[in-house]
Every structure is written in C-alpha cells, then in structure tokens.
**Student:** 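Got a structure for you, written out below as structure tokens; questions coming shortly.
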Amino acid sequence: MKPLKARTRSVSPSIRVPSEHNPLKSSFANRSSFFKRTVNKISSLFEKRRYKPIIFFILLIFCLALFHTILSPIFPGGEYHQLLIEKQKYDSIPYIGLDQNIPAELIEGTTIYHVSKEFGPATLSNVGQVVTSLASSQANNGSLDVNVIIPYYSFIKRLYRLQKFAQLEVQIRDSHQKWKPVKFFVHRFLWNITSNPDDPNGKITNLSEPRSVQVYLIGSPKGVFPLDLSFIADDATGIYSSRYPLSQDWQDIFFCKAAAELITYLNTDIDTPLFDLKEARGVDVVHLHGSPNALVIEFMKSLYVGGKFKMAPPSIVYTIHDHLKEHLYSNSIVNVQKFIELKNYPKVRSQYFNGRQLYTSAIGIDQAQMVTFTSKIIAQEMVEDSMDFYAKELIIPSILKRAIKGEWIGISNGLDFNLYNPFNDILLVETNSNFPKNIHNFDPALLYAESIENSTQSLITTSKFNAKLHLVREGLLLKEDLNRTIVLFIGNFQYTKGLEFFQAAIDLLVSKNIKFIIMEDSGFPISSLKHLVNYYPNNLVIIDDVDFKLSWGNLYRTAADILFVPSKTESFGLMAAAEGLLFGSPIVSIGSEKLKEYLVNKTNMNNYNSYLYNLKDENNSELSINEMKIALNNSVDDMIRLNNNPIEKEIFIRKIIKDALKLGWNRPGGPIEEYIKVYRTALLKLRKKLN
C-alpha cells in the first residue's frame with residue numbers, strides 16, 4: 001500500500017541528512033569568478049614597471065573590500081564579535097511574584113498588541129507556538145481585543161487574502177549619514193479561531209460572533225536597497241534569514257522601528273463612529289516577545305517624546321522565552337546607528353554594550369512596565385538560587401532590580417490542544433487512531449466487568465494500536481513493532497537536550513529490543529547519530545525531514561509508548577513533556593526546572609506520570625547517565641508489564657492524559673488569568689507614572 005501522497009513528499013523513515021544547499025554558495029561563486037577575472041586584467045598591467053606600485057596598492061584595497069563584503073552576511077555588522085564579560089556573583093533575593101489579590105479582569109475591549117517575529121503560519125520555534133496559543137486563547141476569552149504584529153514574510157500572501165491597511169514611514173540614515181524618510185506598507189488579515197485551544201474536543205460554544213485575532217504585517221520598504229530584500233522567505237524555515245547583501249541586523253532593527261511607528265499610528269488615528277455604542281480605543285498594552293523585539297521600546301519612547309501619540313502611551317510587557325540563548329542576541333553598534341541616534345547612549349547606558357555590540361534583552365527588562373518569564377520555577381530560581389548560565393551578567397542585574405519591586409513574574413505556558421490534538425487530528429481520524437472522547441465519562445469498573453475484548457466503551461489502547469498498524473502498513477514501522485514498546489524523542493540535537501545520553505540510551509533500548517524513534521527538530525548535529533542506524537536498523541529510526549514530520553508526526557506520537565526528554569534546561573518543557581502526556585505516553589526526563597511543574601515521579605504507584613533522574617555532576621556525565629539508564633529501564637519494564645495487563649494499561653494511559661488536560665491556557669488560575677493580572681498591573685503602573 002502506498003503512502004498518502006497528499007500528506008507527504010516521502011515516506012522513508014530512514015535518516016534524512018539536512019540539505020547541504022548553502023544560500024550563500026552561488027554568491028560566493030560569482031564573487032570568486034569576478035575576482036579571478038579582475039586579477040587577470042590587473043596582472044597584465046604589471047608588465048609595465050611604472051604602474052606596479054600603484055596597481056599593487058589598488059589591488060590590496062580591492063582585496064580587503066572584497067574580503068569584508070564576503071564576510072558581512074556571515075557576521076552581522078560586518079565583523080566577528082567576541083563576548084568578553086567578567087563573571088559575577090549575585091546575592092539572592094526573595095521572589096515576590098504576582099499579587100494574588102489583583103483581580104484577573106480588564107475593561108472590556110482592552111486592546112492587546114503582541115509583537116513577535118513568529119505567529120500562526122510563520123512559526124518556526126516554540127516562541128511562535130507560544131505566541132499563537134496565547135493570542136488565540138486571549139481572543140477566545142471574548143472580552144479582549146487581541147492583535148499581533150509580525151513581519152510580512154513573502155510566503156504569507158499565498159495563504160491569506162490580505163488587506164492593505166496603511167502606508168507609513170520611518171527615518172533611516174542614508175549612505176551619507178543623513179536621515180531619510182523610508183515608506184513601507186502595512187497589510188492585515190484576520191486569524192480566525194475555528195476551535196477552542198483549551199478544549200481537546202475543539203468545540204467553541206455560546207459565541208455571539210466568531211473569534212479572531214487581527215494580524216498586522218510590516219512590509220519591506222520598496223525601492224530602498226537592500227532593505228527592500230527584507231522578509232523574503234519561501235516558507236517558515238526562512239524567517240530568520242536575510243537575503244544577501246542585507247544584514248540580519250538591518251532587517252531586525254527595521255522591523256522594530258516600523259512596528260513602533262505602526263503602534264504610534266494605531267494610537268493616534270482613532271475615530272469613533274457617531275452612532276457607535278462604545279468609544280474606539282487606541283493601544284492599551286504592547287506585549288513584546290523576545291530580545292530581537294526589545295528595541296521597539298526605544299523607538300516608541302522617541303515617538304512619544306516627539307509628541308506623536310494622540311492618547312496616553314501604551315503600557316509595555318516584555319516576555320523572555322529562553323534564559324540560555326535569548327540574552328545573547330545583539331546588534332552591531334554600526335547597524336543600530338543607521339536607525340537610531342545613539343549620541344551618549346553607550347556611556348549613559350553602558351550596561352547594554354559589550355565590545356561593539358548592543359545586547360537588547362536588558363533594554364526590554366529595564367524599560368517595560370512588567371517583565372515575565374515562561375516558567376514560574378525558573379523565574380524564582382533565577383533570583384532566589386542564583387542560577388548559573390552563560391553570560392548571565394547581561395541580564396541578571398536588571399532582573400534583580402525588577403524582582404525586588406515584584407515586577408519579575410514567572411508564568412508557565414499552557415498547552416494548546418489545537419497544535420497537537422489526538423482527538424480530532426485529520427490523519428488520526430482517517431486511520432481510526434484518534435482518541436475517543438470519553439475521557440471524563442469512562443467507567444473503569446465496567447471495563448473490568450466486560451474485559452478488553454468485549455468492551456462496549458471506546459478504548460485509547462485500541463487507537464494507539466491502530467496508529468502502529470497504519471505505520472506498519474505504510475512501511476514506516478516493522479511488523480514486529482506492533483508488539484514491542486516504542487520510545488519516542490522529539491526535540492533538538494544539542495547539548496541542552498542531553499545529546500551525551502543518546503548513545504547510552506540507544507545501547508540500553510537495543511539490548512531490550514525496544515524501538516527508538518528520534519524525531520529531530522533542528523538537524524544539528526545529525527552526523528553524530530546517523531551512523532548508528534546502520535548498526536541497529538531494526539531498532540533505531542531518525543527522522544528530520546520537516547514535511548515528513550508535519551505529515552506523519554501525530555501518528556508517531558500516538559503510536560509511542562514512552563517519551564524520552566533528556567533535557568538539562570528545557571526552556572519549553574511544557575511543549576515537550578505535556579505533549580507526550582496528552583498522547584498517552586509517560587515521560588523519562590531529568591525533571592529539572594520547568595519539567596518539575598507538572599511531572600510526577602514514580603514514587604507513588606498510583607499517582608505518577610514520569611520517571612525522573614537527577615543530573616548528578618555537570619563535570620562527570622557518567623554519574624548522570626547511570627541515573628538515566630535506571631529511569632529508562634524502569635519505564636520500559638513497567639510498560640512491558642502493562643502490555644501484559646491491558647486493562648491496567650488503559651486506566652494508566654487515561655490518567656496521564658487527564659494530567660495533560662489540566663494544563664490548558666484558560667484553566668482556573670492559569671496563564672491567561674495571570675497575564676491579565678500582569679496587564680492590569682502594567683496599566684496601573686504606567687498611569688501612576690504619567691500622573
């Protein structure tokens with residue numbers, strides 16, 4: 001039986017080596033060819049002795065300029081920068097967190113504008129998943145006016161009918177360092193919410209009108225080279241790339257300045273129709289996501305000082321999504337000066353600079369009304385336990401200042417059932433692998449009375465078996481996989497995901513004849529594991545093809561028995577572990593930081609959903625590997641035992657799915673309510689400051 005062609009370009013589950021295509025390759029080749037022709041012409045002039053010194057000098061200058069041009073797209077700002085920072089030790093302070101007495105409510109119609117590089121169709125990382133889920137859940141709340149501002153990536157026009165909204169302009173320095181007005185268009189479209197992100201059944205009830213998120217798209221300035229190359233992308237995988245010779249810095253900073261101009265326009269061009277029942281609002285809250293968007297604050301400040309706001313400026317909430325990498329984002333000072341007047345900024349705000357780079361994360365932390373982090377536990381540990389991570393000196397002083405005032409808030413992400421839904425996924429429905437919707441009205445006593453074979457209730461174990469069966473029929477699993485345990489890993493091959501544990505895990509699983517499926521996200525370093533498939537072809541599968549994962553990923557998730565999350569610092573642990581729980585798989589993990597919030601270790605035989613191990617010694621991974629092997633071995637042994645007791649297995653799987661269903665965005669006291677409290681606090685702080 002051939003695979004479903006409408007769902008994938010290829011069905012081979014074997015190793016997929018990342019494309020070796022280099023977008024800079026052709027440009028390097030052209031430059032090299034041009035260089036050779038030029039050298040040949042100039043060398044002919046060397047025969048004339050009197051021209052030799054002059055020609056040699058010109059050739060030297062030309063080579064230096066060419067070398068600089070070649071390196072510019074590789075190192076933004078045209079130069080390689082090295083972070084030199086003196087390691088500091090900081091005193092711990094108590095974590096205050098949110099004031100629980102603050103009402104979780106805002107005036108109806110309060111306008112929220114999320115500023116992000118990712119949303120909806122333009123989602124490449126967990127940041128995009130979080131922003132999409134958060135905005136959708138807020139809009140589904142019904143009382144908020146939710147909007148998103150992202151770049152106008154070129155592939156989006158193929159997906160939606162866009163409406164031209166406004167033509168705006170920003171000031172940018174030209175080649176003579178003179179300020180020049182640059183015009184750009186803003187388009188928009190409605191992101192319709194067709195299902196409830198907090199209901200696994202996907203139902204939206206009691207709606208008087210359809211819910212939607214207004215998405216504004218910042219377009220590139222046409223006719224202004226090379227900025228007119230901004231946001232060109234064939235699909236979501238290209239949203240963090242820039243076309244040569246445009247530097248990534250220019251593209252990022254232009255978006256920040258243009259977004260600030262759009263927010264100013266939205267807060268200025270306000271007109272309430274004569275017979276409208278309620279007054280039109282401007283922009284109440286701007287929610288910035290990640291350090292690449294932190295400069296929006298600086299540009300908004302300059303516009304407010306310039307008197308361009310018709311109404312009071314909006315309050316600003318800044319969210320850090322990743323404490324390991326996000327603060328390392330920087331822009332070259334040379335590139336920043338093209339868009340903003342720095343003057344004495346490097347002296348007055350020296351804490352934001354290192355070498356020739358401007359590190360923007362601390363700007364967002366210092367200047368927003370409220371700062372949030374996407375985990376309560378990590379937010380608390382960062383200020384109370386002096387958590388150590390690379391270059392923490394860039395942001396910890398700013399975080400501590402905000403934490404003392406109760407303006408540093410940890411809010412753990414919710415689980416969006418629209419992203420990965422084992423109940424309604426189309427492929428799962430077509431293959432009879434979707435989970436039954438009797439999660440909350442299932443009768444275990446009736447199952448014991450009837451037996452598995454004669455059950456009148458729909459069973460999740462049947463759905464999981466059907467998923468395996470379909471993968472076998474499609475040639476994506478072996479026949480013997482129907483009756484053996486499947487362990488699944490989903491994530492990035494990187495140090496923070498516990499790459500050093502993989503060899504030991506593979507050896508253990510192969511010795512127990514377990515199927516190990518690695519569904520990889522980033523493709524680096526694939527070469528370190530791909531050779532193992534040749535040694536264990538019946539036990540190991542590695543998948544890194546993006547289209548293949550999108551087409552078949554949920555079927556593999558459904559078929560899996562155990563999810564392996566060997567992460568040392570899982571910044572988006574909820575997206576990994578809770579996803580496994582939702583698909584009925586217990587978790588094997590270090591259980592550090594975010595994962596502690598919802599993983600229950602097997603210390604209680606009747607109330608666990610995971611097998612956790614400790615990171616014994618950072619400098620001696622062997623100790624931790626032994627702990628991991630014990631946890632992984634126990635999970636496999638328990639699953640084999642459950643396979644021999646299908647009624648107990650059915651009840652256990654349903655229990656861990658219920659654990660996942662408690663993690664929705666709109667759960668009582670959950671992230672939506674907490675963000676509303678943060679917005680309310682930010683609005684009050686801004687009002688107090690203005691008064």
**Student:** List the atom of Ala368, the atom of Ile316, and the distance in Å for their closest heavy-atom pair.
**Tutor:** CB-O, 3.5 Å
**Student:** If you look only at pairs with a residue in residues 403-413, which of them pass as a salt bridge (Lys or Arg N to Asp or Glu O under 4.0 Å), with sequence neighbours excluded?
**Tutor:** Arg402-Glu407, Glu407-Lys685
**Student:** Spell out, as yes or no, whether a donor-acceptor pair under 3.5 Å connects the side chain of Asp249 to the backbone of Ser332.
**Tutor:** yes
**Student:** Quick one: OG on Ser137 to CG on Leu144, what's the gap to the nearest 0.5 Å?
**Tutor:** 11.5 Å
**Student:** On a heavy-atom basis, which atom in Ser585 and which in Ala560 lie closest, and how many Å separate them?
**Tutor:** OG-O, 3.2 Å
**Student:** Are any non-hydrogen side-chain atoms of Thr132 and Trp191 less than 4.5 angstrom apart?
**Tutor:** yes
**Student:** Verify, without hydrogens or angle tests, whether Trp665 (side chain) and Gly414 (backbone) share a donor-acceptor contact under 3.5 angstrom.
**Tutor:** yes
**Student:** Tell me whether the count of non-hydrogen atoms from other residues, nucleotides or ligands lying under 6.0 Å of CG in Leu684 goes above 12.
**Tutor:** yes
**Student:** Measuring from atom CG of Asn354 to atom CD of Glu393, what distance do you get when rounded to the nearest 0.5 angstrom?
**Tutor:** 10.5 Å
**Student:** Nearest 0.5 Å, please: how far is CG in Asn633 from CE in Met628?
**Tutor:** 10.5 Å
**Student:** Run the side chain to side chain contact (heavy atoms under 4.5 Å, CB included) check on Glu381 and Tyr95 step by step: do they pass?
**Tutor:** CA-CA 8 Å; Glu381 290 182 357; Tyr95 172 76; over 6 Å; no
**Student:** Show the numbers, then the answer: is there a side chain to side chain donor-acceptor pair (under 3.5 Å) between Glu118 and Tyr240?
**Tutor:** CA-CA 10 Å; Glu118 299 184 39; Tyr240 287 108; 2.7 Å; yes
**Student:** Do NZ/NE/NH1/NH2 and the carboxylate oxygens of Asp388 and Lys87 come within less than 4.0 Å?
**Tutor:** yes
**Student:** Spell out, as yes or no, whether a donor-acceptor pair under 3.5 Å connects the side chain of Asn413 to the backbone of Ser375.
**Tutor:** no
**Student:** Using 30° and 60° as the class limits, which term best fits the ring planes of His287 and Tyr675: parallel, tilted or perpendicular?
**Tutor:** tilted
**Student:** Start with the C-alpha distance between Asn293 and Lys117, add both sets of side-chain angles, then the distance that settles side chain to side chain donor-acceptor pair (under 3.5 Å), and finish with yes or no.
**Tutor:** CA-CA 8 Å; Asn293 301 305; Lys117 293 294 193 302; 2.8 Å; yes
**Student:** Could you tell me how the ring of Phe489 sits relative to the ring of Phe502: parallel (under 30°), tilted (30 to 60°) or perpendicular (over 60°)?
**Tutor:** perpendicular
**Student:** Sub-3.5 Å donor-acceptor pair from the side chain of Glu326 to the main-chain atoms of Asp322, do we have one?
**Tutor:** yes
**Student:** Provide the closest heavy-atom pair for Gln129 versus Thr123 in the form atom of the first, atom of the second, distance.
**Tutor:** N-CG2, 3.6 Å
**Student:** Look up atom CG in Asn140 and atom OG in Ser133, then write down how far apart they are to the nearest 0.5 Å.
**Tutor:** 12.0 Å
**Student:** Under 3.5 Å, side chain of Tyr318 to main-chain N/O of Ser291, donor-acceptor pair present?
**Tutor:** yes
**Student:** Can you find a pair of side-chain heavy atoms, one from Tyr329 and one from Thr360, that are under 4.5 Å apart?
**Tutor:** yes
**Student:** Would Asp638 and Asn634 satisfy side chain to side chain donor-acceptor pair (under 3.5 Å), going step by step from the backbone distance to the final call?
**Tutor:** CA-CA 6 Å; Asp638 282 350; Asn634 289 340; over 6 Å; no
**Student:** Could you check if a side-chain atom of Pro586 sits within less than 4.5 angstrom of a side-chain atom of Met639, using non-hydrogen atoms only?
**Tutor:** yes
**Student:** Search all heavy atoms of Ile239 against all heavy atoms of Ala122 and return the closest pair with its distance.
**Tutor:** CD1-O, 3.8 Å
**Student:** Decide side chain to side chain contact (heavy atoms under 4.5 Å, CB included) for Asp99 and Thr681; before the verdict, give the C-alpha distance in whole Å, the side-chain angles of both, and the deciding distance to 0.1 Å.
**Tutor:** CA-CA 9 Å; Asp99 183 353; Thr681 305; over 6 Å; no
**Student:** Phe119 vs His114, test: ring pair (Phe, Tyr, Trp, His ring centres under 6.0 Å). Steps then yes/no.
**Tutor:** CA-CA 10 Å; Phe119 176 80; His114 296 275; 8.3 Å; no
**Student:** In this structure, is the centre-to-centre distance between the rings of Phe255 and Phe299 below 6.0 Å?
**Tutor:** no
**Student:** Got a second to check how far Ile676's CD1 is from Glu105's CD, nearest 0.5 Å?
**Tutor:** 9.0 Å
**Student:** Which residues satisfy the side chain to side chain contact (heavy atoms under 4.5 Å, CB included) test with Ser610, sequence neighbours excluded?
**Tutor:** Ile587, Leu599, Leu612
**Student:** Looking only at atom types and distance, does a side-chain atom of Asn609 sit under 3.5 Å from a main-chain N or O of Val600, one as donor and one as acceptor?
**Tutor:** yes
**Student:** Would you mind listing every salt bridge (Lys or Arg N to Asp or Glu O under 4.0 Å) that reaches into residues 287-300, with sequence neighbours excluded?
**Tutor:** Glu298-Lys301, Glu298-Arg349
**Student:** Mark yes or no for whether Glu384, through its side chain, and Ser92, through its backbone, hold a donor-acceptor pair below 3.5 Å.
**Tutor:** no
**Student:** Can you tell if the side chain of Leu106 reaches within under 4.5 Å of the side chain of Val285, non-hydrogen atoms only?
**Tutor:** no
**Student:** Could you walk me through whether Glu674 and Ile409 satisfy the side chain to side chain contact (heavy atoms under 4.5 Å, CB included) test, starting with their C-alpha distance in whole Å, then the side-chain angles of each, then the deciding distance to 0.1 Å, before giving a yes or no?
**Tutor:** CA-CA 9 Å; Glu674 291 180 318; Ile409 308 297; over 6 Å; no
**Student:** Are the side chain of Ser315 and the backbone N or O of Leu686 linked by a donor-acceptor pair below 3.5 Å?
**Tutor:** no
**Student:** Heavy-atom distance under 4.5 Å between the side chains of Asp284 and Ile112, does that happen here?
**Tutor:** no
**Student:** In terms of the angle between their ring planes, are His289 and His321 parallel, tilted or perpendicular, with boundaries placed at 30° and 60°?
**Tutor:** tilted
**Student:** Run the side chain to side chain contact (heavy atoms under 4.5 Å, CB included) test on Lys257 and Ile253 for me, step by step, so that the C-alpha distance in whole Å, both residues' side-chain angles and the decisive distance to 0.1 Å come before the verdict.
**Tutor:** CA-CA 6 Å; Lys257 190 162 191 176; Ile253 303 171; 5.5 Å; no
**Student:** Could you tell me which non-hydrogen atom of Ala362 sits nearest to which non-hydrogen atom of Ser398, and how far apart they are?
**Tutor:** CB-OG, 3.7 Å
**Student:** Decide yes or no for Val115 and Val148: does some side-chain heavy atom of the first lie under 4.5 Å from some side-chain heavy atom of the second?
**Tutor:** no
**Student:** Just how far is it from atom CG of Asn141 to atom CD of Glu673, taken to the nearest 0.5 Å?
**Tutor:** 9.0 Å
**Student:** Quick one: does Ile320's side chain get under 4.5 Å of Trp408's, heavy atoms only?
**Tutor:** yes
**Student:** Can you confirm whether Arg557 sits close enough to Pro422 that some side-chain heavy atom of one is under 4.5 Å from a side-chain heavy atom of the other?
**Tutor:** no
